[in-house]
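Have a look at the structure below before the remarks.
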Amino acid sequence: MSELLREEGGVSFPERTARIREGLSRWSAEGIAFFGAPGIRYLTGFTGSEGTLFVGGGVPVLIVDGRYTTQARAEARGAEVVEFRDRMEGLCRLIAERGLGTVAFEAASLSCEAYFTLRERLGEKVVLKPLGKEIAGIRKIKEPREVERIRRAAAIASEAFLSVLEHLKPGRAEIDIARRLEWEMEERGSEKPSFETIVVAGKRAALPHGKPGKAGIGYGDVVVVDFGAVVEGYCSDETCTVAVGRIPPEKKKVYEAVKEAHDRAIEQVREGVSCREVDRIARGWIEKAGFGSFFTHGTGHGVGLEVHEVPRISTVEDGVLEEGMVITVEPGVYIPGEFGVRIEDLLLVKKDGCEILSSVPKDLMIVE
């Protein structure tokens, strides 16, 4: 097979779309439209931010407007590139030309407005079938080349974090630390942050997804830093909680409870273990320590082309871990008006255990 159709160390893009074709009969559909950039990139290699990929009833077709035509023809593999000023018009024409009656679509990436536009243009002869969980897992098992990209992203992020520790001093603004960390990741080869970097200190550390502000870090604060890098489209995700100066015993007690929950959950990670079980282990330990009501989110999630992918490591996830998944384990305790602690590592699931891809030690770090 031509190198244009195959990634080094991975499967070909046509093989990926072939798996989608195999699913069409299970989904009772003749074709499926992808609108989200991560899914399109996974199936074709196209890195543009907007397009529509249609698989079914013939050769896969990537529909783009004039902004992306040249890029798509250079990047997309295993798909025909077609230019349309209006991609919905192009999709409707393609469906009509192929005489299809039932078409599935990637529900999570299509707005209600776009859906009704599509519905109106296709008319009553075409049945539109939204797919959510059915296709959410197509990227859950990472190929070796994907794992290598995530591993590199994790290494960049961890190294960058360690380089900014000396800047975590009383009086320094949260936003300054966040910007410095993002700059250090970029200097080491990150394309961009995986998400908006979180740096929150003191009372604001009780905000799980707080935005870094201009407030200065105080002596005795715990600082939650959640960050990630991107390498060739693939994300990393890691959280460290650092003490700036001496902290009182109650803060140490919370940190120790979260750390123990984190460690115990990681010990459970291996192929065949249910996602709920990993969550139960972490959550159970935090509850035993007396902080259960302050652990307000799931224990982890998948990571890949997006920073939040399946599986979810939570009480509501039905799935089990499989070799080749990349997940996070990130228990946390957030006491409103006081402080918060979160500890997160990035893991590659293996048959008999896991490999920790992030490399910052998770014992309590005290920056004097």
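Here the OG-CG distance, from Ser194 to Leu346, works out to 9.0 Å after rounding to the nearest 0.5 Å. Remark: Leu110 CG to Leu131 CG distance equals 12.0 Å, nearest 0.5 Å.
When the side chains of ILVMFWY residues are joined at heavy-atom separations under 4.5 Å, either directly or via intervening members, Trp285 and Ile343 end up in two distinct hydrophobic clusters.
The only option from Arg93, Arg85, Arg87 that meets the salt bridge (charged side-chain N to carboxylate O under 4.0 Å, His left out) definition with Glu89 turns out to be Arg93.
With a 4.5 Å cut-off on side-chain heavy atoms, Asp345 and His262 count as touching. Residues His301 and Glu309 are not in side-chain contact: their nearest non-hydrogen atoms beyond the backbone lie 4.5 Å or more apart. Side-chain contact between Cys275 and Val320 is absent, with no heavy atoms from C-beta onward closer than 4.5 Å. In this structure, the side chains of Tyr42 and Leu305 come closer than 4.5 Å at one or more pairs of heavy atoms. Contact check for Val126 versus Ile95: side-chain heavy atoms found under the 4.5 Å cut-off. Side-chain contact check for Glu277 versus Asp279: every heavy-atom pair is 4.5 Å or farther apart. Put simply, the side chain of Val367 does not reach to within 4.5 Å of the side chain of Lys169, judged on heavy atoms. With a 4.5 Å cut-off on side-chain heavy atoms, Pro60 and Glu80 do not count as touching.
The pair Lys211-Glu174 does not meet the salt-bridge criterion, since no charged nitrogen lies less than 4.0 angstrom from a carboxylate oxygen. The existence of a salt bridge linking Arg151 and Glu355 is confirmed by a sub-4.0 Å separation between a basic side-chain nitrogen and an acidic carboxylate oxygen. With respect to Glu15 and Arg19, no salt bridge is recorded, no charged nitrogen being found less than 4.0 Å from a carboxylate O. Salt-bridge check for Glu143 with Arg16: passed, with a basic side-chain N closer than 4.0 Å to an acidic carboxylate O. Note on Glu50 versus Arg67: salt bridge recorded, some NZ/NE/NH1/NH2 to OD/OE distance being below 4.0 Å. A salt bridge does not link Lys192 to Glu182: none of the charged side-chain nitrogens sits closer than 4.0 Å to a carboxylate oxygen. In summary, Arg180 and Asp176 do not engage in a salt bridge, as defined by a charged side-chain N under 4.0 Å from a carboxylate O.
For the residue pair Thr47 and Arg41, no side-chain donor N or O sits within less than 3.5 Å of a side-chain acceptor on the partner. Between the side chains of Glu330 and Thr328, a donor-acceptor pair is found at a separation under 3.5 Å.
Residue Lys350 comes nearest to Glu323 through the heavy atom pair CA-CG, 4.0 Å, listed as atom of the first residue, atom of the second, then distance. For Ala205 against Val222, the heavy-atom pair with the smallest separation is CB-O, 3.9 Å. Closest heavy-atom contact between Gly45 and Phe13: N-CE2, 3.4 Å.
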side-chain contact (heavy atoms from CB on, under 4.5 Å) evaluation trace for Tyr234 with Val147: CA-CA 9 Å; Tyr234 285 81; Val147 173; over 6 Å; no

Test side-chain contact (heavy atoms from CB on, under 4.5 Å) applied to Asp318 and Arg276, step by step: CA-CA 7 Å; Asp318 294 327; Arg276 286 185 181 182; 2.8 Å; yes

Steps toward side-chain contact (heavy atoms from CB on, under 4.5 Å) verdict (Val349, Val326): CA-CA 6 Å; Val349 179; Val326 175; over 6 Å; no

Test log, rule side-chain contact (heavy atoms from CB on, under 4.5 Å), inputs Lys362 and Glu238: CA-CA 11 Å; Lys362 294 306 185 292; Glu238 183 174 3; 2.8 Å; yes

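Environment of CD in Glu113: sparse, with no more than 12 heavy atoms of neighbouring residues, nucleotides or ligands closer than 6.0 Å. Annotation: Lys252, atom NZ; neighbour count of heavy atoms from other residues, nucleotides and ligands within 6.0 Å does not exceed 12. Other residues, nucleotides and ligands place more than 12 heavy atoms under 6.0 Å from the CZ atom of Arg26.
At least one test fails for Lys203 against the ring of Phe339: distance under 6.0 Å to the centre or angle within 45° of the axis. With a 6.0 Å cutoff to the six-membered ring centre and a 45° limit on the axis angle, Arg342 does not count as a cation-pi contact of Tyr334. Note that Arg283 lies in the cation-pi zone of Phe295, set by a 6.0 Å cut-off to the ring centre and a 45° limit from the axis.
Taking the six-membered ring for Trp, Phe195 and His308 have ring centres at least 6.0 Å apart. Note: Phe105 and Tyr115 meet the aromatic proximity criterion, with ring centroids under 6.0 Å apart.
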